[in-house]
Amino acid sequence: MQKNAVVMLSGGMDSTTILAYAKDQGFTCYCISFNYGQRHTSELDAAQSIAKKYDVAEHFIFNLGINEFGGSAQTDLNIPIPTTPTGTAIPSTYTPARNITFLSVALGYAEVRNANDIFFGASSIDYSNYPDCRPEFVAAFERTANLATKAGVESGLIRIHTPLINLSKADTIKLGLRLGVDYSETITCYQATKEGLACKQCHACQLRIKGFNEAGIIDNTRYI
């Protein structure tokens, strides 16, 4: 019996890993990416290429203008991307309510595509202290999804899969390599150029570099 799943695909290393993981688990994958006014739109180009490579059932790019709110260095050019660690503080790259919005749209897409499974590349280990990447948030959203949708009430359990949530970046990279992921095709940088070159300075780049170093793997990321 065909198992449908929605995979939230940004074009970055984590979301590409979960796409490979979902495919390996035998799911027919419907990918959704978000054009939300982010600086690094080259990640959407990467997402399109990756979706094609993995021969997904469908790749849908959803336009979502949350950049109109401002409030995040990822969407507001007047707020600089930080290049120094913020400790346990939530950094300016946090985008207000982004992941709960993304998951809500992905949930609607999943209902239409008869998919009870949604794959979300959140990590709570090597991450930027974003509150919407924590296990408590994911568990709460899954409960809400099963209470608030026709699919949840009538068709069985809706599951939010976060296979990376307790993995370090190094362990994520090792998992992806076992699944055949080519990380040189992914874009993680918060301020990647239109050509997909990474800055090497932002926290996303720093976590990526740290992950490859700890995994003992050559980093083939294209840096400026």
Side-chain angles (χ1 to χ4, degrees), residues 7-25 31 33-34 38-40 42-47 49-51 53-54 72-74 81-95 98-99 102 119-135 137-138 160-193 195-224:
V7 178
M8 296 167 62
L9 180 66
S10 69
M13 63 187 304
D14 293 340
S15 67
T16 303
T17 304
I18 63 166
L19 172 57
Y21 180 88
K23 292 278 287 188
D24 187 66
Q25 295 294 307
C31 291
S33 303
F34 294 92
Q38 64 270 50
R39 294 174 185 246
H40 47 305
S42 54
E43 72 173 2
L44 293 175
D45 296 329
S49 296
I50 291 162
K53 176 180 178 178
Y54 280 89
S72 170
Q74 291 201 52
I81 296 287
T83 57
T84 55
T86 59
T88 58
I90 298 172
S92 61
T93 50
Y94 165 72
T95 304
R98 183 182 67 173
N99 284 343
F102 285 5
F119 283 81
F120 171 37
S123 172
S124 64
I125 304 299
D126 285 333
Y127 80 129
S128 298
N129 301 316
Y130 297 157
D132 52 5
C133 287
R134 297 174 300 162
F137 162 70
V138 176
I160 311 297
H161 299 263
T162 53
L164 312 182
I165 202 149
N166 293 314
L167 298 186
S168 67
K169 275 289 183 285
D171 287 336
T172 294
I173 289 167
K174 290 176 183 177
L175 171 62
L177 292 176
R178 288 197 299 271
L179 294 170
V181 173
D182 182 352
Y183 285 112
S184 70
E185 298 174 345
T186 67
I187 294 176
T188 301
C189 180
Y190 290 146
Q191 49 190 355
T193 67
E195 297 75 28
L197 300 179
C199 74
K200 210 174 185 177
Q201 302 298 320
C202 70
H203 195 222
C205 281
Q206 292 169 18
L207 286 175
R208 184 177 176 120
I209 291 167
K210 175 176 177 283
F212 278 104
N213 285 340
E214 291 180 352
I217 305 296
I218 294 173
D219 181 4
N220 289 322
T221 303
R222 297 182 302 132
Y223 293 106
I224 295 173

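One is the number of the first residue; the rest follow in order along the sequence.
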Discussion item. Rounded to the nearest 0.5 Å, what separates atom CD1 in I224 from atom CD in E195?
Written reply: 9.0 Å
Worksheet item: What distance separates M8 CE from S33 OG, expressed to the nearest 0.5 Å?
Response: 9.5 Å
Discussion item. Tell me every residue that passes side chain to side chain contact (heavy atoms under 4.5 Å, CB included) with R222, counting only those two or more places apart in sequence or in another chain.
Written reply: L197
Discussion item. Less than 3.5 Å apart, any donor N or O on the side chain of S72 or Q74 sitting next to an acceptor on the other?
Written reply: no
Response to the item:
Scanning both residues in full, the closest heavy-atom pair of Q191 with H40 reads N-CB, 4.4 Å
Discussion item. Are more than 12 heavy atoms, taken from residues, nucleotides or ligands other than K53, located less than 6.0 Å from that residue's NZ atom?
Written reply: yes
Distance-only check: which donor-acceptor pairs under 3.5 Å involve side-chain atoms of residues 201-212, not counting sequence neighbours?
from: H203; atom 1: ND1; to: S128; atom 2: OG; distance (Å): 2.7
from: Q206; atom 1: NE2; to: T83; atom 2: O; distance (Å): 3.0
from: Q206; atom 1: NE2; to: Q201; atom 2: O; distance (Å): 2.4
from: R208; atom 1: NE; to: T221; atom 2: OG1; distance (Å): 2.7
from: R208; atom 1: NH1; to: T186; atom 2: OG1; distance (Å): 3.0
from: R208; atom 1: NH1; to: T188; atom 2: OG1; distance (Å): 2.6
from: R208; atom 1: NH2; to: Y183; atom 2: O; distance (Å): 2.7
from: R208; atom 1: NH2; to: T186; atom 2: OG1; distance (Å): 3.1
from: R208; atom 1: NH2; to: T221; atom 2: OG1; distance (Å): 3.1
from: K210; atom 1: NZ; to: D126; atom 2: OD1; distance (Å): 3.1
from: K210; atom 1: NZ; to: D126; atom 2: OD2; distance (Å): 3.4
from: K210; atom 1: NZ; to: E214; atom 2: OE2; distance (Å): 3.2

Worksheet item: Are side-chain heavy atoms of L44 and Q38 found at a separation under 4.5 Å?
Response: yes
Worksheet item: CG of L19 to CD1 of I50: how many Å apart, nearest 0.5 Å?
Response: 8.0 Å
Fill in: Inter-residue atom distance D24.CG - I18.CD1, 0.5 Å rounding
13.5 Å
Worksheet item: Do you know the tightest heavy-atom contact between K23 and Y54?
Response: NZ-O, 2.9 Å
Practice prompt. Name all residues meeting the side-chain hydrogen bond (donor to acceptor under 3.5 Å, both in side chains) criterion together with T93; count only those two or more places apart in sequence or in a different chain, and write none if there are none.
Written response: Y130
Item to complete: Determine the minimum heavy-atom distance between N129 and I90, stating which atoms define it.
Response: O-CG1, 3.4 Å
Response to the item:
A20 and V181 have their tightest heavy-atom pair at CB-CG2, 3.6 Å
Worksheet item: Closest heavy-atom contact between I187 and S42?
Response: CD1-O, 3.4 Å
Worksheet item: Taking side chain as C-beta onward, heavy atoms only, is C189 less than 4.5 Å from Y223?
Response: no
Item to complete: Begin from the C-alpha positions of T16 and M13 and carry the test side-chain contact (heavy atoms from CB on, under 4.5 Å) through to its verdict.
Response: CA-CA 5 Å; T16 303; M13 63 187 304; 5.9 Å; no
Worksheet entry | Residues which pass side chain to side chain contact (heavy atoms under 4.5 Å, CB included) with N99, listed by chain and number, not counting sequence neighbours | F102, F120, D132, C133, F137
Fill in: Gap separating the CG atom of N213 from the NZ atom of K169, nearest 0.5 angstrom
14.0 Å
Worksheet item: Under 4.5 Å between any side-chain heavy atoms of I173 and L177, yes or no?
Response: yes
Item to complete: Taking the side chain as every heavy atom from C-beta outward, state whether S123 and T172 have any atom pair closer than 4.5 Å.
Response: no
Practice prompt. Taking side chain to side chain contact (heavy atoms under 4.5 Å, CB included) as the test, write out the residues that go with S92, two or more places apart.
Written response: A73, I79, P82
Worksheet, complete the sentence: By side chain to side chain contact (heavy atoms under 4.5 Å, CB included), I165 pairs with (sequence neighbours left out) A122, S124, P135, V138, T162
Discussion item. Once rounded to the nearest 0.5 Å, what's the spacing between atom CG of L179 and atom OH of Y21?
Written reply: 9.0 Å
Worksheet item: How close do S10 and G12 get, heavy atom to heavy atom, and via which atoms?
Response: OG-N, 3.0 Å
Worksheet item: Taking atom OH of Y190 as the centre, does the number of heavy atoms from other residues, nucleotides or ligands within less than 6.0 Å exceed 12?
Response: yes
